[in-house]
Amino acid sequence: MYIPKKIYDPDNNGHFDKFGGRYVPETLMPVLLELDEAYQKVRFDEEFWREVDYYFKQYIGRPSPLYFAKNISDELNAKIYLKREDLNHTGAHKVNNTIAQCLLAKKMGKTKVIAETGAGQHGVATATAAALFGLECDVFMGAKDVKRQELNVFRMKLLGARVHAVESGSKTLKDAMNDAIRYWVTNARDTYYVIGTVAGPHPYPMMVRDFQAIIGWEAREQILQAENKLPNKVIAAIGGGSNAIGIFSHFLEDKEVECIGIEAGGKGLDTDFHGASLQKGSPGVLHGQMSYLLQDEDGQIQEAYSISAGLDYPGIGPEHAFHFENKSVKYDTITDKEALDAFVWLSQKEGIIPAFESSHAIAYLKKTQITPNEIIIVNLSGRGDKDMIQAKDILKFD
Amino acid sequence: MKQLVAYLTTAYPDTQFTVDAILALKEAGVDKIELGIPFSDPVADGAVIQKANLLALQNGFRLKDVFDVSKAISGIDIYLMGYFNNFYHKGYEYMVSQAKQHHIKGFIIPDLPYEEAVAYADLFPLISFVAPTDSKQRIQTILQNAQEFIYLVAYAGITGSNKEEDLTEVISHIREASDTPLFIGFGVNAQTAKQKAKNVDGVIVGSAFIQILLSDDSYTTKIKKLQDLASSIKQSIN
């Protein structure tokens with residue numbers, strides 16, 4: 001049974017070196033301290049994890065397979081394994097986190113949960129867990145994304161959630177998170193905020209990492225079973241960074257394994273249209289944490305851009321900022337075009353349609369230097385169903 | 001005499017207006033100015049101040065504008081209010097040296113709670129926030145070295161709401177923990193000021209002033225309305 005392990009744990013106030021922390025209005029500090037205490041109580045508690053384990057297996061369908069992708073392996077002269085988080089209930093890794101957080105919320109006696117969402121995957125995963133556990137659910141989503149992701153909005157409503165279209169700022173994920181925080185400050189006493197990635201104030205980056213690290217814990221066992229040795233590389237796409245930290249963490253202590261995180265290169269790093277917070281940003285404070293941010297000279301936050309709504313965020317989880325400076329993870333970028341090519345490539349070679357987010361990780365297989373027969377795991381964090389309408393418009397097959 | 005602190009979003013609609021407004025507010029009895037740095041993501045603020053922040057940025061606000069404004073003012077205490085990223089990105093020590101040069105009395109940073117503020121507390125006065133969600137024990141901790149004044153948030157929420165909370169207990173905890181003057185902010189306007197000023201040493205008014213700035217009135221009408229509101233609030237709290 002999975003129980004988290006302390007791997008690169010932050011200090012008691014949530015600092016991964018200078019990153020992380022808790023940069024929130026005072027009203028929320030008691031709430032975060034309460035959450036930290038509640039989480040510390042269950043963090044290594046077998047009873048709690050037995051309950052999580054039950055839902056992971058029976059509801060989400062874990063463990064997710066580590067699939068040997070023979071066709072692309074032959075083409076690249078390598079052994080490529082796909083960690084199939086796309087096969088999870090609701091279609092992505094997001095649900096691992098929402099199930100565990102909603103169980104914790106329930107344990108804390110909270111009856112209402114809120115969430116921010118970009119493409120709608122985390123919103124759907126939160127609405128799903130809220131329906132399962134009988135919690136009231138409000139989801140904040142940028143007005144632009146509400147229009148772009150009509151189907152996910154309907155899914156959330158069908159699951160019983162209220163969806164708030166956020167009209168402030170750039171009307172995307174960043175602003176959805178601003179409004180979720182404002183709502184949370186206002187309803188601090190009875191509302192639990194289900195943050196969707198390894199970002200936000202402590203304890204979220206550590207806690208969400210623990211909940212997603214089931215991915216790497218399984219993958220490690222699965223690859224040892226299949227190959228009797230560790231992989232050479234582990235690749236994952238990064239918006240906030242939860243699927244990446246999730247699969248990396250159980251390989252981070254193995255120096256022979258290279259973990260590679262892929263940020264959104266958008267239209268190219270030489271343009272203003274990308275989501276490459278590490279490569280093009282600098283340290284700063286947003287949404288309760290210190291991390292790398294896309295910002296101007298005065299520290300005003302800039303808008304991110306990516307073909308993929310899940311990577312369209314001007315920040316990144318603080319633990320990634322730490323690994324970036326510590327050089328314990330390698331970071332690179334993939335453009336919209338490379339991701340789109342990989343989206344078609346995997347669909348036609350393996351019969352697996354990846355999400356636009358995961359397509360960035362897949363695309364890196366063609367960018368990285370491959371030594372013959374090396375073993376590579378790619379985290380296929382989500383399926384592409386949600387991207388069909390956008391893909392249809394761009395690819396124009398007719 | 002209870003004090004009145006006025007918040008203004010710097011450079012909305014432009015820096016000259018901010019300077020004129022401060023001078024006019026001073027005349028009308030305002031004791032201290034909370035000079036706001038417009039930020040792209042003001043999470044502690046309600047719709048009114050968010051809008052002023054956004055418009056100021058769209059009008060080309062630059063960080064140096066706050067120092068230009070403070071340079072043009074004398075005879076009233078100015079505190080610089082802003083979100084931590086603007087301070088951090090520009091360099092906190094640089095901001096302190098600029099602030100000292102321009103006779104700014106302290107910083108008000110709503111997203112820099114006690115635990116994160118500790119590292120900066122010795123460099124320059126930082127206003128301590130207390131929220132109604134705080135326990136007695138936490139209030140004692142965070143007010144250990146309170147400087148200038150204490151900023152009591154009137155309710156769990158963002159600026160400019162109509163929320164109300166019973167603050168009797170939290171105020172008594174603050175008084176036990178510190179002798180520093182206690183000011184209350186959030187949701188203070190002409191209607192609520194008298195009630196909110198009970199048991200504290202002053203009020204902080206933001207959204208009610210910014211509402212005037214956002215109206216379609218002429219420059220001079222706006223200045224006049226700011227003054228009227230300031231003097232009526234000053235009267236009602238005393």
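The structure displayed is predicted, hence computed values, not measured ones. Every heavy atom of this structure was used, including side-chain atoms; hydrogens, water molecules and symmetry mates were not. Chain A is the first sequence line, chain B the second, and so forth, proteins listed ahead of strands; every chain is numbered from 1.
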Using a 6.0 Å cut-off, check whether atom [atom1] of [X] has over 12 heavy atoms from anything other than its own residue.
X: B:K51; atom1: NZ; result: no
X: A:E37; atom1: CD; result: no
X: B:Q144; atom1: CD; result: yes
X: A:D11; atom1: CG; result: yes
X: A:D190; atom1: CG; result: yes
X: B:Q58; atom1: CD; result: yes
X: A:Q40; atom1: CD; result: yes
X: B:K105; atom1: NZ; result: no

From [X] [atom1] over to [Y] [atom2], what is the distance, rounded to the nearest 0.5 angstrom?
X: A:N13; Y: B:Y114; atom1: CG; atom2: OH; answer: 10.5 Å
X: B:Q50; Y: A:D179; atom1: CD; atom2: CG; answer: 6.0 Å
X: A:M29; Y: B:E115; atom1: CE; atom2: CD; answer: 3.5 Å
X: A:I301; Y: B:D41; atom1: CD1; atom2: CG; answer: 5.5 Å

Hey, are the side chains of [X] and [Y] touching, using non-hydrogen atoms and a 4.5 Å cut-off?
X: B:V43; Y: A:M177; value: no
X: A:V24; Y: B:D111; value: no
X: A:L286; Y: B:N85; value: no
X: B:T133; Y: A:R189; value: yes
X: B:I142; Y: A:E26; value: yes

Residue part contacting chain A, namely of [X], when any heavy atom lies under 4.5 Å:
X: B:F129; result: both
X: B:E165; result: side chain
X: B:D45; result: backbone
X: B:R62; result: both
X: B:I109; result: neither

Where the side chain of [X] meets the backbone of [Y], is there a donor-acceptor pair that is under 3.5 Å apart?
X: B:H89; Y: A:D296; value: yes
X: A:R182; Y: B:P42; value: yes
X: B:S40; Y: A:Q300; value: no
X: B:K163; Y: A:T186; value: yes
X: A:D298; Y: B:N86; value: no

What part of [X] gets closer than 4.5 Å to chain B, counting heavy atoms only: side chain, backbone, both or neither?
X: A:S170; answer: neither
X: A:P201; answer: neither
X: A:M290; answer: side chain
X: A:I181; answer: side chain
X: A:Q295; answer: side chain

Considering only heavy atoms and a distance below 4.5 Å, find which of B:A44, B:A131, B:G157 pairs most often with chain A.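 Looking at each option in turn, the highest pair count goes to B:G157.
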Could you check which of B:V153, B:L57, B:D134 has the highest count of heavy-atom pairs closer than 4.5 Å to chain A?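 Sorted descending by pairs with chain A, the first entry is B:D134.
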Test side chain to side chain donor-acceptor pair (under 3.5 Å) on A:H15 and B:E116 and set out the steps. CA-CA 10 Å; A:H15 298 111; B:E116 299 297 343; 2.9 Å; yes
Specify the closest pair of heavy atoms between A:Y23 and B:P113, including all atoms of both residues, with the distance to one decimal.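 Of all heavy-atom pairs spanning A:Y23 and B:P113, the closest is CA-CD, 4.1 Å.
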